[in-house]
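Please read all numbers here as calculations on a predicted model, not as lab measurements. Sequence lines set the chain letters: A, B, ... in the order given, protein chains first and strands last, and positions in each chain run from 1.
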Protein chains: 2
Amino acid sequence: MSDWREFDQNPVSHSAAHHLTTIGDLHDEVGYARVSDVARHLGITRGSVSVTLKGLRHRGLVVEDEHKHLSLSVEGQRIAQGIRTKRILIQALFRDVLGVPDEIAEQDACKIEHLISDMTAEAAGSLLEGLEDLSEDQRIRSLVESARSSSDSSSPFPDTATQQLANRLLKKAAAIESEDS
Amino acid sequence: MSDWREFDQNPVSHSAAHHLTTIGDLHDEVGYARVSDVARHLGITRGSVSVTLKGLRHRGLVVEDEHKHLSLSVEGQRIAQGIRTKRILIQALFRDVLGVPDEIAEQDACKIEHLISDMTAEAAGSLLEGLEDLSEDQRIRSLVESARSSSDSSSPFPDTATQQLANRLLKKAAAIESEDS
DNA sequence: TCGATGAGTTTGGCTACCCAAACAGGTTGA
DNA sequence: TCAACCTGTTTGGGTAGCCAAACTCATCGA
């Protein structure tokens, strides 16, 4: 079994993840983010935020200007964007692929967004992109073509059971189609 | 946004989840589980396990016989089995549907197994069951039939983008098939 | 029988979070 | 001008985990 304690040696904790994304969100939405704003947004006290941000400033993820306005460093932005992206992808994966209600999908995504590996998040993105593409007829056609040639490396799907599913469905559909008629 | 602090008010923590599943595993594999065995298995000290298990005994999830042998209560077994099931389903979801390498899928599953909602885990199970079914030609045929009628409530897939994908692929494949010939 | 070994517990220390409360500094309105 | 208010920080307290180290007990072998 892989080391179960990798859990808490993540680059950013659940708490830190939400502090960072909140600062980013506030900055984008209202133009600034102060300790009190972050605290209100997260539902915790100013004191807690003050202490946590001291650590994040020290780690170079958050910077503070002369007006006590907080913003993310380049590295902080990179991390926050990564977490936001993972949250969205996981939520969409659970909602659109698994069929879980949006609210449940959001709760689950919120809990695991900072724990998911880049590779898994990217794979979810590829799958969802594939699903998205399918809503446009022209792309469906190219998908079908690539599924037919069965060795097209530019397939929007990773080489997974899902692609195999698509391939099998295509071939079997044609077979059954002719058989039935 | 749903309350981000639901994170740490889960029924069982990451640590507790692994203590419980370890006791269950050891009990099944070697017939007994002692504090030292659990500690060795988890890679932490006996002292840490001793303290943690005091809490789990107090919560009625772990019981200890006169020989200091640990086992899970009925409730403990229920929780451990739930976590094990979620770990397997999530790992399979990431590996077989997203195409992530097994090792990465396992690491990710280990981190989030105790955080995923029952509904999401069940939905993953349904999807995987559907993929499993597809490997048998007879079931593929019935899937295709149900996709054609497009209102079959007994479909092995939940009504999601994945089913819609299957439906679209089937319809479009037939259309393009005739168009090309 | 007695020392070594192993098992389980307890204790003090550490990190990471949270809170409440006290404190300090700036702004604002009467 | 000055009290009321808002902001941010600090401090003491609490929980959850982890470790190292000391301690207790039981067992086992020479």
Colleague: On DNA chain D, reading 5' to 3', which nucleotide is the first and which the last to sit with an atom under 4.0 Å from a heavy atom of chain B, could you check?
Modeller: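 Going 5' to 3' along DNA chain D, contacts run D/dG17 to D/dA20.
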
Colleague: Which distance, rounded to the nearest 0.5 Å, do you find between the CG of A/Leu93 and the CD1 of A/Ile88?
Modeller: 13.5 Å

Colleague: Quick one: do A/Leu56 and A/Val63 end up in the same hydrophobic cluster if we chain Ile, Leu, Val, Met, Phe, Trp and Tyr together by side-chain heavy atoms under 4.5 Å apart?
Modeller: no

Colleague: Would you call the rings of B/His114 and B/His14 parallel, tilted or perpendicular if under 30° counts as parallel and over 60° as perpendicular?
Modeller: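 B/His114 and B/His14: tilted rings.
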
Colleague: Please work out if A/Ser48 contacts a base, only the sugar-phosphate, or nothing of the nucleic acid, heavy-atom cut-off 4.0 Å.
Modeller: base

Colleague: Please report, rounded to the nearest Å, how far the P atom of C/dT9 is from the CD1 atom of B/Ile44.
Modeller: 13 Å

Colleague: What is the separation between atom NE2 on A/His67 and atom C1' on C/dT27, rounded to the nearest whole Å?
Modeller: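 Whole-Å distance recorded here is 15 Å.
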
Colleague: For A/Arg5 and C/dA16, give me the distance from atom CZ to atom P, rounded to whole Å.
Modeller: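 Value for this atom pair: 16 Å.
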
Colleague: Could you state the CZ-P distance from A/Phe7 to C/dA16, rounded to the nearest angstrom?
Modeller: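 To the nearest whole Å, that distance equals 15 Å.
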
Colleague: Using a strict 4.0 Å threshold on nitrogen-to-oxygen distance, state whether A/Asp108 and A/Lys111 make a salt bridge.
Modeller: no

Colleague: Verify the contact: side-chain N or O of B/Arg34 to OP1 or OP2 of C/dA7, cut-off strictly under 4.0 Å; return yes or no.
Modeller: yes

Colleague: Relative to the 5' end of DNA chain D, which residue comes earlier, B/Ala16 or A/Val35, by the nucleotide with the nearest heavy atom?
Modeller: A/Val35

Colleague: Output yes when at least one side-chain N/O atom of A/Thr45 is less than 4.0 Å from OP1 or OP2 of C/dA20, else no.
Modeller: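 The answer is no; no side-chain N or O of A/Thr45 sits under 4.0 Å from OP1 or OP2.
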
Colleague: Determine: side-chain N/O of B/Ser36 to OP1/OP2 of C/dG8, distance under 4.0 Å, yes or no.
Modeller: yes

Colleague: Between C/dA16 atom P and A/His18 atom NE2, what is the distance in whole Å?
Modeller: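 Going from A/His18 (NE2) to C/dA16 (P), I get 19 Å.
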
Colleague: Taking NE2 from A/His69 and C1' from C/dG26, how many angstroms apart are they, rounded to a whole number?
Modeller: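 My rounded result for the distance is 13 Å.
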
Colleague: With rounding to the nearest 0.5 Å, note down the distance linking CZ in A/Arg78 to OG in A/Ser73.
Modeller: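 Spacing of CZ (A/Arg78) from OG (A/Ser73) equals 9.5 Å.
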
Colleague: A/Tyr32 vs A/His69 aromatic rings, parallel, tilted or perpendicular, using cut-offs 30° and 60°?
Modeller: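 It falls in the parallel class, under 30°.
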
Colleague: Say you draw a straight line from CD1 of B/Ile104 to CZ of B/Arg95; how long is it, rounded to the nearest 0.5 Å?
Modeller: 13.0 Å

Colleague: Tell me which nucleotide among C/dT10, C/dT9, C/dC19 gets nearest to the side chain of B/Val51.
Modeller: C/dT10

Colleague: Take A/Arg46 and A/Thr52, find for each the nucleotide of DNA chain C with the closest heavy atom, and name the residue whose nucleotide sits nearer the 5' end.
Modeller: A/Thr52

